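Following: one structure in C-alpha cells, then a few remarks.
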Amino acid sequence: MSKLYACITSSSDRPALVAIAQQFAYAIETTDDGIVFDVSGLERLMGKRERIEQGILAAMRAANVSGCVAVADTVDTAVLLARQGGKQAKALNTPDRFSQLPLSDLAVEQDTLNVFRELGLHTAGDLLARPLGEA
C-alpha cells in the first residue's frame, strides 16, 4: 500500500483546519500556512486521490473554510502543490499540477536554478521531460 498525504493551505484559523483534517486522519501536522495529514488507506474507503481531494473540499465548504488542497505521494509534493493552488478551495490534479510547478519554488540552490534557466528548464515538467544523462 502506498502512502498518501494531504495538505490544506488556508488563512483560516487552526482549530477549523484541525477539525477538517481530523475527519480524514489521526496524524496531523500544522505548517505556517496550513495543515498536512496522512490520508493513506482512504483509497479503500473513498476511491482514488481525486475523490479524497473532493471529500476534503466538501468538508472545507461545509466548515466555510477557503483554501487549497492537494493529495500526493509525499508530504513535500502535497505542500508544494497546495501552495501553488491559489486562494480558492479547489482540487489539484497532482501529475498535471506538479509538471507546472516552477523550479524556483523547489528547495534548490540559486546556482542550480541558474543552470536550469540557461538550459531552458523552468518547470518540473521541463526537467522531467529531459532525457536522463543528457547535458
Side-chain angles (χ1 to χ4, degrees):
M1 176 171 69
S2 65
K3 296 293 259 176
L4 278 181
Y5 300 92
C7 178
I8 300 171
T9 55
S10 175
S11 60
S12 295
D13 61 9
R14 287 278 173 230
L17 295 177
V18 169
I20 292 166
Q22 286 176 332
Q23 295 176 41
F24 300 91
Y26 293 106
I28 298 168
E29 181 181 334
T30 59
T31 65
D32 290 340
D33 58 350
I35 193 161
V36 178
F37 46 104
D38 186 339
V39 293
S40 301
L42 285 182
E43 289 174 299
R44 284 188 248 145
L45 297 171
M46 299 179 72
K48 297 183 186 235
R49 74 180 67 204
E50 292 83 13
R51 300 264 310 178
I52 297 169
E53 287 173 338
Q54 291 301 321
I56 296 168
L57 285 170
M60 290 172 67
R61 286 186 198 103
N64 200 27
V65 170
S66 64
C68 190
V69 63
V71 175
D73 296 330
T74 67
V75 171
D76 290 337
T77 303
V79 170
L80 286 169
L81 293 175
R83 286 178 178 161
Q84 287 296 310
K87 297 194 184 283
Q88 295 182 342
K90 60 182 176 180
L92 298 172
N93 183 318
T94 303
D96 292 338
R97 291 291 298 166
F98 184 75
S99 66
Q100 296 170 13
L101 187 68
L103 292 174
S104 60
D105 286 356
L106 302 176
V108 177
E109 292 184 20
Q110 189 60 47
D111 289 343
T112 304
L113 290 173
N114 292 340
V115 171
F116 287 157
R117 192 175 316 110
E118 288 176 17
L119 293 171
L121 306 172
H122 304 284
T123 65
D126 294 341
L127 189 59
L128 291 170
R130 193 151 184 106
L132 290 177
E134 186 177 309

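On a predicted model such as this, the values are computed, not experimentally measured, just so you know. No hydrogens, no waters, no symmetry mates; every other heavy atom, side chains included, goes into these values.
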Taken to the nearest 0.5 Å, the spacing of Met60 CE from Gln23 CD works out to 11.5 Å

For Gly67 and Ser10, the nearest pair of non-hydrogen atoms, with its separation, is CA-CB, 4.2 Å

Rounding to 0.5 Å, atoms CG (Leu119) and CZ (Arg117) come to a distance of 11.0 Å

Do Asp73 and Leu4 have side-chain heavy atoms sitting under 4.5 Å apart?
-> yes

Measure the CD1-CG distance between Ile8 and Leu57 for me, rounded to the nearest 0.5 Å.
-> 8.0 Å

side-chain hydrogen bond (donor to acceptor under 3.5 Å, both in side chains) against Thr74, all qualifying residues, sequence neighbours excluded = Thr77

Residue pairs meeting salt bridge (Lys or Arg N to Asp or Glu O under 4.0 Å), one or both in residues 14-33, sequence neighbours left out, come to Asp33-Arg83

With ILVMFWY side chains joined below 4.5 Å, transitively, what does Val36's cluster contain besides itself?
-> Tyr5, Val75, Val79

Note: Ala78 and Ala70 closest approach over all heavy atoms is O-CB, 3.6 Å

For Gln110, what residues pass the side-chain hydrogen bond (donor to acceptor under 3.5 Å, both in side chains) criterion, not counting sequence neighbours?
-> Asn114

side-chain contact (heavy atoms from CB on, under 4.5 Å) with Ala21: which residues, sequence neighbours excluded?
-> Ile28, Ile35, Phe37

Nearest-0.5 Å distance, CD1 of residue Ile20 to CZ of residue Arg61 | 11.0 Å

Pairing residues for Asn64 by the side-chain hydrogen bond (donor to acceptor under 3.5 Å, both in side chains) criterion, not counting sequence neighbours = none

